[in-house]
*Asks:* 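Mind having a look at this structure? Questions to follow.
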Amino acid sequence: MADLPEKLTKPYQPNETEGRVYKRWEESGFFNPDKLPKRHKEPYSTLMPPPNANGRLHAGHGFEIALKDAIIRFQRMRGKKTLYLPGSDHAGFETQMVFEKKLEKEGQSRHDIPPQKLYEEIMAFTLENKKYMEDDIRKLGTSCDWSRNTFMLDPRVTRRTQETFVKMYGDGLVYRGERIIHWNPKHQTSLSDVETEFIEQEDPFYYLKYGPFVIATVRPETKFGDKYVVMHPEDPRYANFTHGQKIELEWINGPITATVIKDASVDKEFGSGVMTITPWHDQTDFDIAERHGLEKEQIIDFNGKLLQSAGEFAGMHWKKARPLIIEKLKSKGLLVKVDEHYKHAVRVDSRTNVPIEPQIRAQWFVKMKPLTEMVIQAVEKEDKITFIPDYQKKVLLHWMHNAIDWNISRQIVWGIPIPAWFKGDEVHVGMDSPSGNDWQKDPDTFDTWFSSGQWPLTTLGYPDGADFKTFYPTDLMETGSDLVFKWVPRMIMFGLYLGNDIPFKTVYFHGMVTDPKGKKMSKSKGNVISPVDMSEKYGADAFRMALTVGNTPGGTVALSEDKIRGYKHFANKVWNITRFVLSSTGNASTEDKTTFTQQDQKTVDEFKAIAEEITENFETYQLHLASEKTYHYIWHTFADKIVEESKPILLGGDAEAKRSREALLLHLWVGCIKLLHPFMPFISEEVWSMLPEEQKDGEMLMISKWPM
RNA sequence: GGGCGGUUAGCUCAGCUGGUUAGAGCGCAGCAUUGACAUUGCUGAGGUCAGAGGUUCGAAUCCUCUACCGCCCACCA
């Protein structure tokens, strides 16, 4: 038997191997496209969707990295000049939430901390988390270029983001408006629609006498100022009321004059077909008021307390006031009936579940129409972006066809400051503060998607950076399918608007990673599986493989530990095949390694056919097939068939057959290790280092030539 | 109320543009094996491809409808 490396005689130890191999990769410099050998000419680029730097890496990140790193490694071996650009997001509101929770646990409140100090503390907290997260990314074997690592609050990124705002203001794509916004009263900030969601809730539904009408509401405390009564213009029941008609009636705090409004948005079938409106605290009502030029009055302040119009209830929080108001309505005979179990949808902050309070507030808005039209043109008309799976294109376009103007102001400190100043009614937008006194800086920061939407531009150094010229548009964006309307369309918008081109040629949406039972992972359920824990237990290779094999693009993945364990076994199989191949070919003469017997040549041809299929699967982003074929070939063709049938040949007396067979085993095994590398980078690189020099094209598998 | 995805072996899922006896992993049963590997090998059981109808020489694969499961969107007060 030939001399074998000591470690091959023991089972494969991922923990002993992975860190060391990653260090070799990093030190080689080959993660950096500029340092790749000359054969790597044609660029291939992708960006890491920046993980939020407020915690550790989760399974979704692990999934994304497993797929994307496989593609990047494949492309690098194919000879592309590959860039995989890493980074992290400050994640504005979300990070501030995480930080506030931490403060709460420590018995503190953010209101006790001055803004500048708060910002600094969150920054320290974020930078610490960022470090851990980057370590996690390394542990998974991610072949990204750390020299280009970008953080959303790097000065060049924040400057670019602000400059974009200034440019958009100049182009009329950004305006300051008093419009209904989603107000989170607990955290005192506005949110965009994608940051909120509806939850089903059961509440009492109050039917109230409003002059000759009966109206219904779940929120009687908003009704003090209701002085418009609205009905459908074609509702026969109210044909004798005319638009603009004045009606004197008794209301909660005394007599008022109501005005009849006819508007087609009212549903004749719902309830009595009549409603009163509260334009300050309801989107529908606001729209009706806008259409007819009606007055709007704030009833509840930004802390949830009732204002002047509530009369005796002024100053009370609406929650406290509601039962008292109901009492009063009852005593005045205005309460017709109560439906105690009325089911309806309530909008809440999707991160904190705090019920949203619609409010009118002066905010910065992005005018969406011109931008979404550019997206529709590029995606629908010109078909410039490949969507995987392709039905996601419809989802995105539906969103684009129905977009409403985007509120980009947030009343939180943790974010990129909006470069605007106010003096009375005057507004100044620019990179520098205006000259003259009495200008007040806008204290708000940008919505996190305003900066992350520009990620492909800022990371690559738009407008004149070398990377922007080389790598824009990027080849691939891979991200979670939940971002199909949050992040992806914004990147396309900004890409087209600023960069004059789509930001990526292909967008691949991976599905959600759930627990083994198909349930969404969440900290509260305690079913979270950490990619790093799994990697430490079974090896990052096994984790990556388990997430790749058999998972159709876009599909939900139930992450099972059994499956990961299965691929740890596979890693060990690879290890032992290596041991067999090296020990049975170590004494082979080096004179002829390229010609085979007819029989063996056939086996080589079969390998080529498989390798071709795998290559094809890679090119069409069918990694679930590419990885499964690789696995299957190595274990059930190479090990079970080729190795087994080799044993008698190697022991037999036919010298030519033996020579050919030894050459065959080495030749095929080198090919297998190459095919395996994108999926299981660590063990394949480790095996490569033990294969004989004359079989290899270079020291490092990572940049060796793909077998096709 | 709209839209989308799914329903294939006990479990988790593959099966691309329709083409001979429907596949994998895990699990299960039996056998083997101490010179690559028990983190092993071989063999096997197990499916009317959700249901109904249609197109076709031929459908798990295309069309229609139905039934469940899941996801997303939506200003019914």
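Note that these values count all heavy atoms, side chains included, but never hydrogens, waters or copies made by symmetry. Letters A, B, ... are given to chains in the order of the sequence lines, protein chains preceding strands, and every chain is numbered from 1. Every value quoted in this text rests on a predicted model; they were computed, and no experiment measured them.
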*Asks:* Roughly how far apart, to the nearest Å, are B:rC63 and B:rC26 at atom P?
*Replies:*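 To the nearest whole Å, 35 Å.
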
*Asks:* Report the C-alpha distance between A:V574 and A:W635 in whole Å, list the side-chain angles of each, state the deciding distance to 0.1 Å, and finish with yes or no for side chain to side chain contact (heavy atoms under 4.5 Å, CB included).
*Replies:* CA-CA 8 Å; A:V574 168; A:W635 199 318; over 6 Å; no

*Asks:* Measure from the side chain of A:N576, starting at C-beta and using heavy atoms only, and say which of B:rG15, B:rG25, B:rA36 lies closest.
*Replies:*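 Looking only at heavy atoms from C-beta outward on A:N576, the closest nucleotide is B:rA36.
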
*Asks:* Rounded to whole Å, please give me the gap between NZ in A:K268 and C1' in B:rC76.
*Replies:*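 To the nearest whole Å, that distance equals 15 Å.
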
*Asks:* With the side chain of A:A639 defined as its heavy atoms from C-beta on, choose the nearest nucleotide among B:rA77, B:rA14, B:rA36.
*Replies:*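 Closest nucleotide to the A:A639 side chain: B:rA36.
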
*Asks:* Out of B:rC72, B:rU39, B:rC13, which nucleotide sits closest to the side chain of A:T552?
*Replies:*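 Looking only at side-chain atoms, A:T552 lies closest to B:rC13.
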
*Asks:* Quickly work out the A:I288 CD1 to B:rC75 P distance and round it to whole Å.
*Replies:*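 From A:I288 CD1 to B:rC75 P: 14 Å.
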
*Asks:* Is there a side-chain contact between A:W635 and the phosphate of B:rG41, meaning an N or O under 4.0 Å from OP1 or OP2?
*Replies:*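 Yes, such a contact exists.
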
*Asks:* Return yes if the base of B:rC37 and the side-chain atoms of A:K573 contain a donor-acceptor N/O pair under 3.5 Å, otherwise no.
*Replies:*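 Such a pair is found, so the answer is yes.
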
*Asks:* Under a 4.0 Å threshold between the charged nitrogen and the carboxylate oxygen, would A:K7 count as salt-bridged to A:E16?
*Replies:*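 Judged by the 4.0 Å cut-off on N to carboxylate O distance, A:E16 and A:K7 do not form a salt bridge.
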
*Asks:* Are any of A:Y342's side-chain N or O atoms less than 4.0 Å away from OP1 or OP2 of B:rA77?
*Replies:*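 Checking A:Y342 against B:rA77: at least one side-chain N or O falls below 4.0 Å of OP1 or OP2.
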
*Asks:* Please evaluate the base of B:rA74 for a donor-acceptor partner in the side chain of A:Q283 within a cut-off of under 3.5 Å?
*Replies:*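 Looking at the base of B:rA74, it does not pair with any donor or acceptor on the side chain of A:Q283 (distance under 3.5 Å).
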
*Asks:* Look at the aromatic rings of A:F241 and A:Y238 and report parallel, tilted or perpendicular, splitting at 30° and 60°.
*Replies:*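 Ring orientation of A:F241 relative to A:Y238: tilted.
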
*Asks:* Could you check which of B:rC13, B:rG5, B:rU39 has an atom nearest any side-chain atom of A:Y391?
*Replies:*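 Looking only at side-chain atoms, A:Y391 lies closest to B:rG5.
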
*Asks:* In whole Å, measure the gap between the C1' atoms of B:rC37 and B:rC42 for me.
*Replies:*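 Their C1' atoms lie roughly 15 Å apart.
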
*Asks:* Does B:rG41 have OP1 or OP2 sitting under 4.0 Å from an N or O in the side chain of A:H636?
*Replies:*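 It does not, given that no N or O in the side chain of A:H636 lies less than 4.0 Å from OP1 or OP2 of B:rG41.
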
*Asks:* For atom NZ of A:K268, is the number of surrounding heavy atoms from other residues, nucleotides or ligands below 6.0 Å larger than 12?
*Replies:*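 Check passes, neighbour count above 12.
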
*Asks:* Closer to the 5' end of RNA chain B via nearest nucleotide, is it A:G555 or A:D267?
*Replies:*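 Its nucleotide being nearer the 5' end, the pick is A:G555.
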
*Asks:* Rounded at 0.5 Å granularity, tell me how far OG1 in A:T196 sits from CG in A:N353.
*Replies:*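 Between A:T196 OG1 and A:N353 CG, I get 11.5 Å after rounding to 0.5 Å.
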
*Asks:* Report the distance from atom CZ of A:F618 to atom OG1 of A:T630, rounding to the nearest 0.5 Å.
*Replies:*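 One finds 6.5 Å between CZ of A:F618 and OG1 of A:T630.
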
*Asks:* On a whole-Å scale, what distance lies between the C1' atoms belonging to B:rG35 and B:rG30?
*Replies:*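 Here B:rG35 and B:rG30 have their C1' atoms 27 Å from each other.
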
*Asks:* Looking only at the side chain of A:V266 (C-beta and beyond, no hydrogens), which of the listed nucleotides B:rA77, B:rC75, B:rA36 gets closest?
*Replies:*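 Out of B:rA77, B:rC75, B:rA36, the nucleotide with an atom closest to A:V266's side chain is B:rA77.
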
*Asks:* If I pick the P atom on B:rC62 and the same atom on B:rU39, what distance separates them, to the nearest angstrom?
*Replies:*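 One P to the other, the span is 43 Å.
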
*Asks:* Using a heavy-atom cut-off of under 4.0 Å over every strand shown, decide if A:V484 touches base, sugar-phosphate, or nothing.
*Replies:*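 No contact.
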
*Asks:* Looking at B:rC26, B:rC73, B:rU39, which one has an atom nearest to any side-chain atom of A:N572?
*Replies:*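 Of B:rC26, B:rC73, B:rU39, B:rU39 is nearest to the side chain of A:N572.
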
*Asks:* Look at all strands and tell whether A:Q622 reaches a base, only sugar-phosphate, or nothing, counting heavy atoms closer than 4.0 Å.
*Replies:*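 Since no nucleic acid heavy atom lies under 4.0 Å of A:Q622, the category is nothing.
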
*Asks:* Kindly point out which of B:rA36, B:rC42, B:rC37 is positioned nearest to the side chain of A:D640?
*Replies:*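 Nearest to the side chain of A:D640 among the choices is B:rC42.
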
*Asks:* Between B:rA77, B:rC13, B:rU39, which one does the side chain of A:H569 approach most closely?
*Replies:*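 Comparing B:rA77, B:rC13, B:rU39 against the side chain of A:H569, the answer is B:rU39.
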
*Asks:* Please state how far atom CD in A:Q392 lies from atom C1' in B:rC71, giving the value in whole angstrom units.
*Replies:*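 It is 11 Å, rounded to the nearest whole Å.
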
*Asks:* Rounding to a whole Å, what distance do you find between A:D390:CG and B:rC16:C1'?
*Replies:*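 Computing the A:D390:CG to B:rC16:C1' distance gives 13 Å.
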
*Asks:* Distance between the C1' atoms of B:rC71 and B:rG10, in whole angstroms?
*Replies:*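 Their C1' atoms lie roughly 27 Å apart.
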
*Asks:* Using the C1' atom on both, measure B:rG41 against B:rG18 and round to a whole Å.
*Replies:*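 The answer is 38 Å between these two C1' atoms.
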
*Asks:* May I ask you to verify if any side-chain N or O of A:H398 is less than 4.0 angstrom from the OP1 or OP2 atom of B:rG2?
*Replies:*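 Checking A:H398 against B:rG2: no side-chain N or O falls below 4.0 Å of OP1 or OP2.
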
*Asks:* Give a yes or no on whether a donor-acceptor pair under 3.5 Å exists between the nucleobase atoms of B:rA36, that is its base, and the side chain of A:K647.
*Replies:*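 Yes.
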
*Asks:* Out of curiosity, A:I261 CD1 to A:L294 CG, how far, rounded to the nearest 0.5 Å?
*Replies:*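 Those atoms lie 4.5 Å apart.
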
*Asks:* Which nucleotide in the list B:rC37, B:rA74, B:rA14 gets nearest to the side chain of A:L625?
*Replies:*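 Taking heavy atoms from C-beta onward, the closest nucleotide is B:rA14.
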
*Asks:* Output the rounded distance in Å from CH2 (A:W575) to P (B:rU40).
*Replies:*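 One finds 17 Å between P of B:rU40 and CH2 of A:W575, rounded.
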
*Asks:* Heavy atoms only, 4.0 Å cut-off, all strands: where does A:G550 land among base, sugar-phosphate and nothing?
*Replies:*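 Counting heavy atoms under 4.0 Å across all strands, the contact made by A:G550 is with sugar-phosphate only.
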
*Asks:* Of A:E178, A:E290, A:H281, which is the lone residue that meets side-chain hydrogen bond (donor to acceptor under 3.5 Å, both in side chains) with A:K296?
*Replies:*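 When A:E178, A:E290, A:H281 are each tested with A:K296, the side-chain hydrogen bond (donor to acceptor under 3.5 Å, both in side chains) holds only for A:E290.
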
*Asks:* Please determine if a side-chain N or O atom of A:R347 lies less than 4.0 Å away from the OP1 or OP2 oxygen of B:rA74.
*Replies:*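 Looking at the OP1 and OP2 atoms of B:rA74, neither is under 4.0 Å from any side-chain N or O of A:R347.
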
*Asks:* Taking B:rG25 as the reference, what is the distance to B:rU17 when you measure between their C1' atoms (whole Å, please)?
*Replies:*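 That atom pair is separated by 27 Å.
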
*Asks:* Just the rounded figure in Å: distance from C1' of B:rC71 to NE2 of A:H510.
*Replies:*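 These atoms are roughly 15 Å apart.
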
*Asks:* Which of these nucleotides, B:rU39, B:rA14, B:rC37, is closest to any side-chain atom of A:P11?
*Replies:*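 Of B:rU39, B:rA14, B:rC37, B:rU39 is nearest to the side chain of A:P11.
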
*Asks:* Rounded to whole Å, please give me the gap between CZ in A:F580 and C1' in B:rG41.
*Replies:*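 The answer, rounded to whole Å, is 14 Å.
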
*Asks:* When the C1' atoms of B:rG3 and B:rG27 are considered, how many whole Å apart are they?
*Replies:*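 My reading of the C1' atoms in B:rG3 and B:rG27 gives 38 Å.
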
*Asks:* Within this structure, what is the CZ-to-P distance between A:R579 and B:rC37, rounded to whole angstrom?
*Replies:*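 Going from CZ in A:R579 over to P in B:rC37 covers 5 Å.
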
